[in-house]
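Data block below; observations after.
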Amino acid sequence: MKTLAELTASVGAKGRNFPADVRLVQELLNRATRVPWALLAVDGLIGPRTIERIKRFQHRVAGFARPDGRVDVSGRTWSRLVRYAIDRPLQSNDLFAVHGKLPGATAAGSRARQKSAAAVAWGGKVSAGFKRRLQRIAANLGISPDFLMSCMAFETGETFSPSIKNAAGSGATGLIQFMPRTARALGTTTEALAAMTAVKQLDYVEKYFLPYKGKLKTLEDIYLAILYPAAIGMDPADPLFRRGAKTYEQNAGFDKNNDGVITPAEVSIKVRQKYEKGLQEGYLG
């Protein structure tokens, strides 16, 4: 089993970012912080929040005048960060929100950190019950809760309403805009979904994503699972929809350069903007 002191490749901005290495750096950054609300989800996914935490560590602990947001195997950042390792194996999800425990923490301190560690993108805009259920779903699917929340923020216009309907009249409803035929395949209807609480509708969100478990590696993969599952894992620059096809006309708003082609990269721009927004103060919670 990998020990806490073993980093195999660079992590952070322009790094190799192997998931095991990212998880290792995320855990050690969590151990180094004295600010509970700054705890990272130990999910192995590199993103702006982890890179920002690396930069903060470089500035405040390692003394960098110009933090670069990257941890190199033999670099100065790693030599300081590894001091927060202890002599035991790295346990999966040690500091993940569903566990919320820090090594050696007091009971009171652990409870305080547990509450803070549960923070997710857009968590400040939903109930505590919704957030807890979302965390369990993300853990079961092996995906970032921040990514799933950001996709739902985009799909619902930031309302997280279980009854919100597609403005174009497609009949799509709810947290991930379930189409009528999709609802029927899940054993329900859009009318029934709209009548549910947001927390109850999360059961159907989980049911929808389960067939794609293990394939959802990025924010783009999760959103494409909602929009067009056949495109999961596509090269971001490959054509997804072309002008003349019904799918293009339904998604023409994504074609910002008006070249008649919509790529996964173009599709993901607005969703990634929601992700960035959801990590900001007032939305993260």
Side-chain angles (χ1 to χ4, degrees), residues 11-23 26 40-51 92-93 96-98 120-123 133-156 158 160 172 174-179 182 185-186 201-242 247-248 250-251 253-256 261-279:
V11 170
K14 299 181 180 179
R16 299 290 297 278
N17 294 321
F18 297 135
D21 289 324
V22 175
R23 285 194 295 270
Q26 288 169 329
L40 298 165
V42 184
D43 54 13
L45 301 169
I46 199 67
R49 194 175 173 200
T50 298
I51 292 173
S92 177
N93 291 332
F96 198 46
V98 295
V120 296
W122 295 98
R133 180 72 181 104
L134 183 282
Q135 290 275 15
R136 291 195 294 271
I137 290 171
N140 182 37
L141 294 172
I143 62 177
S144 165
D146 295 331
F147 290 172
L148 184 53
M149 285 289 286
S150 299
C151 287
M152 290 191 291
F154 178 70
E155 290 291 276
T156 64
E158 302 181 9
F160 294 91
L175 297 172
I176 57 171
Q177 291 292 278
F178 296 93
M179 292 293 286
T182 303
L186 295 172
Q201 197 178 107
L202 282 173
D203 292 344
Y204 288 90
V205 171
E206 181 175 28
K207 191 174 181 180
Y208 176 83
F209 278 107
L210 275 173
Y212 311 113
K213 185 175 180 177
K215 299 179 181 179
L216 307 175
K217 308 298 184 184
T218 65
L219 173 63
E220 289 74 19
D221 286 339
I222 295 171
Y223 183 61
L224 285 171
I226 298 171
L227 178 69
Y228 196 67
I232 295 173
M234 276 184 62
D235 186 307
D238 283 349
L240 182 58
F241 307 127
R242 293 183 183 275
T247 50
Y248 175 91
Q250 291 172 332
N251 298 281
F254 289 119
D255 188 8
K256 293 302 182 182
V261 174
I262 298 173
T263 66
E266 288 176 309
V267 165
S268 70
I269 290 173
K270 291 184 179 180
V271 179
R272 189 154 287 279
Q273 288 171 347
K274 293 296 183 188
Y275 170 65
E276 300 284 354
K277 182 176 180 179
L279 294 174

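What's counted below: heavy atoms across the whole structure, side chains too, no hydrogens, waters or symmetry copies. Residue numbers start at 1 and run along the sequence shown.
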Salt-bridge contact R133-E206 (side-chain N to carboxylate O under 4.0 Å):
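Salt bridge present between R133 and E206.
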How long is the gap from [atom1] on [X] to [atom2] on [Y], to the nearest 0.5 Å?
X: I143; Y: L148; atom1: CD1; atom2: CG; value: 4.5 Å
X: L210; Y: L186; atom1: CG; atom2: CG; value: 10.0 Å
X: D221; Y: M234; atom1: CG; atom2: CE; value: 11.0 Å

Checking [X] now: which residues fulfil side chain to side chain contact (heavy atoms under 4.5 Å, CB included) with it, not counting sequence neighbours?
X: K270; value: F154, K256, Q273
X: L45; value: D43, S144, F147
X: K215; value: I232

Shortest non-hydrogen contact from [X] toward [Y]:
X: A231; Y: L240; value: CB-CD1, 3.3 Å
X: E155; Y: I226; value: OE1-CG2, 3.5 Å
X: W122; Y: K277; value: CH2-CD, 3.8 Å
X: Y223; Y: V267; value: CE2-CG1, 3.3 Å
X: Y212; Y: Y208; value: CE1-O, 3.6 Å
X: I137; Y: L202; value: CD1-O, 3.4 Å

Could you tell me which residues satisfy salt bridge (charged side-chain N to carboxylate O under 4.0 Å, His left out) with D238, sequence neighbours excluded, listed by chain and number?
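By the salt bridge (charged side-chain N to carboxylate O under 4.0 Å, His left out) rule, D238 matches no residue at all.
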What residues, two or more places apart in sequence or in another chain, satisfy salt bridge (charged side-chain N to carboxylate O under 4.0 Å, His left out) together with E220?
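Checked E220 against salt bridge (charged side-chain N to carboxylate O under 4.0 Å, His left out); matches are R272.
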Treating [X] as the side-chain partner and [Y] as the backbone partner, does any N or O pair qualify as donor plus acceptor under 3.5 Å?
X: Q201; Y: L175; result: yes
X: T50; Y: I46; result: no
X: K213; Y: N140; result: yes
X: D146; Y: V120; result: no

My understanding is that only residues two or more places apart in sequence, or in another chain, count here; which of them pass side chain to side chain donor-acceptor pair (under 3.5 Å) with K217?
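For K217 there are no side chain to side chain donor-acceptor pair (under 3.5 Å) partners, ignoring immediate neighbours.
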Would you sort out whether V11 and F18 count as a side chain to side chain contact (heavy atoms under 4.5 Å, CB included), showing the intermediate values?
CA-CA 8 Å; V11 170; F18 297 135; over 6 Å; no
Passes side chain to side chain contact (heavy atoms under 4.5 Å, CB included), I176 versus T182? Steps please.
CA-CA 11 Å; I176 57 171; T182 303; over 6 Å; no
Non-hydrogen side-chain atoms of Y275 and M149 separated by less than 4.5 Å
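No - every pair of side-chain heavy atoms lies 4.5 Å or more apart.
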Trace of the side chain to side chain contact (heavy atoms under 4.5 Å, CB included) decision for V261 with D255:
CA-CA 7 Å; V261 174; D255 188 8; 5.9 Å; no
With side chain to side chain contact (heavy atoms under 4.5 Å, CB included) as the test, would you mind laying out the steps for L227 and N251 before giving the verdict?
CA-CA 10 Å; L227 178 69; N251 298 281; 3.3 Å; yes
With ring centroids as reference points, do Y228 and F241 lie under 6.0 angstrom apart?
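Centroid separation for Y228 and F241: below 6.0 Å.
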